[in-house]
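This structure is a prediction, so every number in the text was calculated from the model and none was measured. Residue numbers run from 1 in the order of the sequence given. In what follows, every heavy atom counts, from backbone to side chain, and hydrogens, waters and symmetry copies are set aside.
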Amino acid sequence: MIEPSLTPAWALPALVFVPMLGALVLWLLPRWQPLQRWLPAVLGLVLLPLMWPLGHAVAVDGAVTLALGGHRAPLGIEWYVDGLAVLLLGLNQTVAAAVGGYLWGAWPHAAQRHSPGFGVCWLLLWGALNALAMSADLFNIYVLLEIVSLGGVVLVVGRGAGAFAAAMRYLLFALTGSLIYLLGVALAYADAGTLSLRLLADAGLGAPAVTALTLGLMFKAALWPLHGWLPAAHAAAPTAASAVLSALVVKAAAYLLLRLWSDVFSGSWTPALLQALAVIGMTGVLFGSVQALRQVHLKRVIAYSTVAQLGYVLLLPALAGALAWQGVALHLLSHGLAKAAMFLAAGNVIIAIRDDRLDNLAGLDRVLSGNLFIFAAAGMSLAGMPPAAGFVAKWWLVRAAVDAGQWWWAIAVAASGLLAAGYVIRVLRAALASPDSFAEAPRHRARDLSPAMVAAPALLAAAAVALGLGAAWLGPLALAGSTWSLAP
């Protein structure tokens, strides 16, 4: 663990405060439409290059810590950035840049559906997500989770039918998770007299605190069976909000679970409990995949796919080991990129044909062939087809299960990839079907799509595939500075 050099020391606060200052600017100038349109895209392009020096510092020297104001825990607030945090921060900036570009290109369509404070809440949420990736204090994590949840609720509201009901359901689940998590924070302080993750790792926590913290984060991450808010919220939200919620918001809570399990809770689990968590996770994978196969709306297919893909996170405690850690880390990264690409591509479909029912997608390849190819490429990563990053992540999880002598999880991971391929192929089959009188259907208007609306999901899907080729570099980065027990 090192104090940051000049470049990372400047990059860490910038990742948090630049988006939040941008939110303040948008709030002060709400009627300046060019600024509302351009600022999110510009900030995404500005912050994304900061990930290179930060990732290089962590890869070379190990985890980076920054004591805000020069005061270390327990009196001060610390930020902690290891390899896993770098990957999450990289995902945040990449998706934020793509979403900013998409919003710029889709402004004539998006402005009609977004709630009045969309841009402000998006930038606040983005800054809070970056801070969550670096936070090393239970109470600061609670505060940031609240900012993320409330910002996410506003993004969901939009102006579409059913959006308000979906947002209120999301709010109810979010508040329930927050209260349970806050109870865990209080119990942790009673047990250890500190809320610093670094100090809690040495102090140890009782079972009630561990249970409350885990359950609260499972609500936030929409892990089965606490996923009830996710399908409706993701399906009803505006396109950019759906991409952010699926790729980043639920991923942040899953990341926090990994962070706590790898350090603070490392001595609190019994073998039976670890296997029970894995059973819950793989049940979620099966449930989400089956539900995705049953949906008749494109966005709901993608939403239930998120429920399924998040279940892999619960395999990590049971498998332990460096390979399992690398597999889950790469899975979170590849899933975030692929899912953002799929939701943005789905948004293009809705704009072009004013519908997302699978029965009405016939002939889509004739007017949106490029968009359909983007969806297929992202789906290839979800299904675990080589050379995509999703394939490498699943392969590492299979190998970790075999190395740990738990071959049944290897079979489950392989089978889940087939289920993912099933619901992706189902969408492609509907889109490639021959329509009746397609030429006379005036509702198909691909000309409504700007180049930026196609380029944004295309770059995300390409990244999800290409990262599989860079897995040999990403795997060691995920382990840089990690405190996870590497013995299987």
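Among all heavy-atom pairs drawn from Leu315 and Ala278, the shortest one is CD2-CB, 3.9 Å. The heavy-atom pair separating Leu123 from Gly22 by the smallest distance is CD1-C, 3.5 Å. Across Ala98 and Ala456, no two heavy atoms sit closer than the pair O-CB, 3.4 Å. Closest approach of Gly151 to Cys121, counting heavy atoms only: O-CB, 4.2 Å. Of all the heavy atoms in Leu125 and Gly152, the pair that sits closest is CD1-N, 3.4 Å. Minimum heavy-atom separation, Gly177 to Phe219: CA-CB, 3.6 Å.
By the neighbour-count criterion of 12 heavy atoms within 6.0 Å, atom CE of Met385 is sparsely surrounded, having that number or fewer from other residues, nucleotides or ligands. Sparse packing is recorded around CH2 of Trp395, with 12 or fewer heavy atoms of other residues, nucleotides or ligands lying under 6.0 Å away. In Phe373, the CZ atom is not crowded: 12 or fewer heavy atoms of neighbouring residues, nucleotides or ligands sit closer than 6.0 Å. Enclosure of atom CH2 in Trp408 by more than 12 non-hydrogen atoms of other residues, nucleotides or ligands within 6.0 angstrom is indicated.
Looking at Leu332 and Leu91, their side chains never come closer than 4.5 Å, going by heavy atoms from C-beta outward. Side-chain contact between Asp359 and Val296: absent, with no pair of heavy atoms (C-beta onward) separated by less than 4.5 Å. Within the 4.5 Å cutoff, the side chain of Tyr312 has no heavy atoms near those of the Val328 side chain. By the 4.5 Å heavy-atom criterion applied to side chains, Leu145 and Leu217 are counted as neighbours. Counting heavy atoms from C-beta on, the side chains of Val279 and Trp409 come closer than 4.5 Å. Between Ser381 and Leu337, every side-chain heavy-atom pair lies at or beyond the 4.5 Å cut-off. For the pair Leu277/Trp261, a side-chain contact is recorded, criterion being any heavy-atom separation below 4.5 Å from C-beta on. Between Met342 and Phe375 there is a side-chain heavy-atom pair separated by less than 4.5 Å.
Although no hydrogens or angles enter the test, the distance criterion places no donor-acceptor pair under 3.5 Å between the side chain of Asn130 and the main chain of Asn92. Between the side chain of Lys220 and the main chain of Ala174, a donor-acceptor pair closer than 3.5 Å is present. Side-chain N or O atoms of Asn140 include none that pairs as donor or acceptor with a backbone N or O of Ser135 at under 3.5 Å. Although no hydrogens or angles enter the test, the distance criterion places no donor-acceptor pair under 3.5 Å between the side chain of Tyr423 and the main chain of Gln291. Side-chain atoms of Ser416 come within 3.5 Å of backbone atoms of Val413 as a donor-acceptor pair (strictly under, hydrogens ignored). Although no hydrogens or angles enter the test, the distance criterion places no donor-acceptor pair under 3.5 Å between the side chain of Ser305 and the main chain of Val301. Between the side chain of Lys394 and the backbone N or O of Leu382, at least one donor-acceptor pair lies under 3.5 Å.
Taken to the nearest 0.5 Å, the NZ atom of Lys339 stands 10.5 Å off from the OG atom of Ser334. Rounded to the nearest 0.5 Å, atoms CG (Leu29) and CG (Leu24) are 9.0 Å apart. Rounded to the nearest 0.5 angstrom, Trp38 CH2 and Leu103 CG are separated by 13.0 Å. Considering CZ of Arg300 and CG of Leu230, their distance stands at 10.0 Å, rounded to 0.5 Å. Atom CG of Leu48 and atom CG of Leu89 lie 11.5 Å apart (nearest 0.5 Å). To the nearest 0.5 angstrom, Phe343 atom CZ is 13.5 Å from Asn348 atom CG.
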Give the C-alpha distance, both sets of side-chain angles, the deciding distance and a yes or no for side-chain contact (heavy atoms from CB on, under 4.5 Å) between Arg426 and Leu358.
CA-CA 9 Å; Arg426 180 168 173 257; Leu358 299 188; 3.4 Å; yes

Trace of the side-chain contact (heavy atoms from CB on, under 4.5 Å) decision for Leu260 with Thr214:
CA-CA 9 Å; Leu260 294 179; Thr214 299; over 6 Å; no

Might you work through the side-chain contact (heavy atoms from CB on, under 4.5 Å) test for Met380 and Val424, ending with a clear yes or no?
CA-CA 8 Å; Met380 181 178 75; Val424 172; over 6 Å; no

Report, one line per pair, each donor and acceptor closer than 3.5 Å where one atom sits in a side chain of residues 245-258; sequence neighbours left out.
{"from": "Ser246", "atom 1": "OG", "to": "Thr306", "atom 2": "OG1", "distance (Å)": "2.6"}
{"from": "Lys251", "atom 1": "NZ", "to": "Ser246", "atom 2": "O", "distance (Å)": "3.0"}
{"from": "Lys251", "atom 1": "NZ", "to": "Ala247", "atom 2": "O", "distance (Å)": "3.4"}
{"from": "Lys251", "atom 1": "NZ", "to": "His335", "atom 2": "ND1", "distance (Å)": "3.0"}
{"from": "Tyr255", "atom 1": "OH", "to": "Ala133", "atom 2": "O", "distance (Å)": "2.6"}
{"from": "Tyr255", "atom 1": "OH", "to": "Arg259", "atom 2": "NE", "distance (Å)": "3.4"}
{"from": "Tyr255", "atom 1": "OH", "to": "Arg259", "atom 2": "NH2", "distance (Å)": "2.7"}

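Ring planes of Phe287 and Tyr304: perpendicular class, angle over 60° (limits at 30 and 60°). Between Trp126 and Trp122, the angle of the ring planes stays under 30°, which puts this pair in the parallel group of the 30/60° scheme.
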